[in-house]
Amino acid sequence: MANAAARKRSESGAPGPKHNIEAVRQEYYDRIAKHHMTPLWKVMKNVVTKEPVTRCAPVIWHFDDIKRLVMESGGLISAEEAERRVLILENPAMPGESRATNTLFAGVQMILPGEVAPAHRHVSSAIRFVLDGQGAYTAVEGEKAYMSPGDFVITANWAPHDHGNTSKEPMLWLDVLDFPQVNFFEASFAQEFESATQATNREDGDSAVFYASGVLPDGAPAHMNRSPVINYTYARTRPIIERMLKAGEIDKRHGARVRYANPINGGPVLPTMGAYLALFPKGFKGEKYRATDGTVFVCAEGQGSTTVDGKVLEWGPQDVFVVPPWKPYAHTALKESVLFSISDRPSQEALGIWREDTSVH
Ligand code: GTQ
């Protein structure tokens with residue numbers, strides 16, 4: 001309703017001018033529609049909402065289901081034929097949209113011993129968080145990173161990458177990609193390579209040693225909007241949160257938490273996605289929190305629950321769950337627990353639209 005006078009008129013139910021004006025307006029709306037125009041005043045409150053509105057639902061995928069169903073796909077299609085053998089973790093409130101939150105794709109990829117997922121590149125950035133298995137690799141920009149559970153690996157925009165498994169066991173990891181964001185801008189490109197695997201000219205771990213050790217190669221660029229580090233290993237990151245916990249650096253909401261950083265500028269690892277690793281002491285009862293970024297969490301260790309908008313998500317090792325934008329949530333840990341999380345916060349911060357609320361009740 002456009003204004004108080006009009007509201008009054010329509011509520012009075014009086015015949016005459018009101019019916020007349022409604023009919024006249026409708027005729028006008030129909031006429032302008034033919035010219036691809038429509039009145040803002042009818043949709044104003046839907047397009048400029050007072051608070052964030054999300055289509056995304058809180059949801060959890062338990063690892064026993066993930067593993068059983070993903071393993072089954074191994075008998076149905078090879079990594080080579082599938083290009084990427086991935087089961088999409090699809091938000092039940094957005095079926096058919098290939099996304100876990102409105103801005104993030106999440107999926108679980110499996111590579112069986114001896115398989116290769118062929119080299120390609122795309123505008124979408126990707127991260128992997130290793131769930132299960134040991135010793136498969138991803139080759140990114142000339143570095144072959146052998147991975148272990150809890151490792152956090154990045155594949156930046158347009159970086160060539162292929163995956164392989166020279167170990168004796170299947171490897172499963174969580175993929176999170178920003179392609180809902182890229183496709184929102186309708187700016188996706190992708191390319192396959194002739195050769196299934198790329199030539200590598202660096203040692204496993206070179207990028208972490210060169211860039212993530214408190215020094216930088218002399219002459220390293222001063223600006224870089226994505227991290228030069230490929231594998232942020234669990235072996236390096238886990239002891240840091242342990243030490244924060246010992247030092248008492250425990251946030252009332254987020255536990256003892258580190259942010260994966262780009263060592264060039266301290267910014268996020270990728271311009272579109274940011275990640276954290278948090279340790280919660282046994283018995284932790286977190287305070288409520290909300291922020292405008294939609295988040296995908298993975299339990300790396302432990303057991304606990306996260307209450308999201310009144311819904312209790314009980315998690316254990318390798319379970320994956322989603323917290324939608326602006327829904328209040330709080331973590332509880334029954335055992336000492338580690339949660340990995342990833343969200344679209346860097347995109348929102350770059351646009352100046354990210355908000356948080358640390359006083360939710
Ligand atoms: O590993 O390159 O889950 O291109 C979706 C698209 C993984 C990958 C996904 C991809 C990849």
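Both ligands and their constituent atoms are indexed starting at 1 by order of listing. Residues take their numbers from the sequence shown, with the count starting at 1. What you see is a predicted model, and the numbers here were worked out from it, not measured in a lab.
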Next on the checklist: Taking the side chain as everything from C-beta on, heavy atoms only, tell me whether Trp61 gets closer than 4.5 Å to Val322.
Outcome noted: yes
Item to check | Min side-chain heavy-atom separation Val153-Ile230 under 4.5 Å | outcome: yes
Item to check | Contact residues of ligand 1 (heavy atom under 4.0 Å), by chain and number | outcome: Arg84, Val86, Phe105, Gln109, His120, His122, Arg128, His161, His163, Asp175, Leu177
Next on the checklist: Can you tell me if Phe189 has over 12 outside heavy atoms packed within less than 6.0 Å of its CZ?
Outcome noted: no
Checklist entry - In terms of heavy-atom contacts, does CZ of Arg55 have more than 12 from other residues, nucleotides or ligands at under 6.0 Å? => result yes
Checklist entry - Given the rule that I, L, V, M, F, W and Y join up when any side-chain heavy atoms are under 4.5 Å apart, are Tyr234 and Trp315 in one cluster? => result yes
Next on the checklist: Please tell me whether Phe152 and Phe129 form a close aromatic pair, meaning their ring centres lie under 6.0 Å apart.
Outcome noted: no
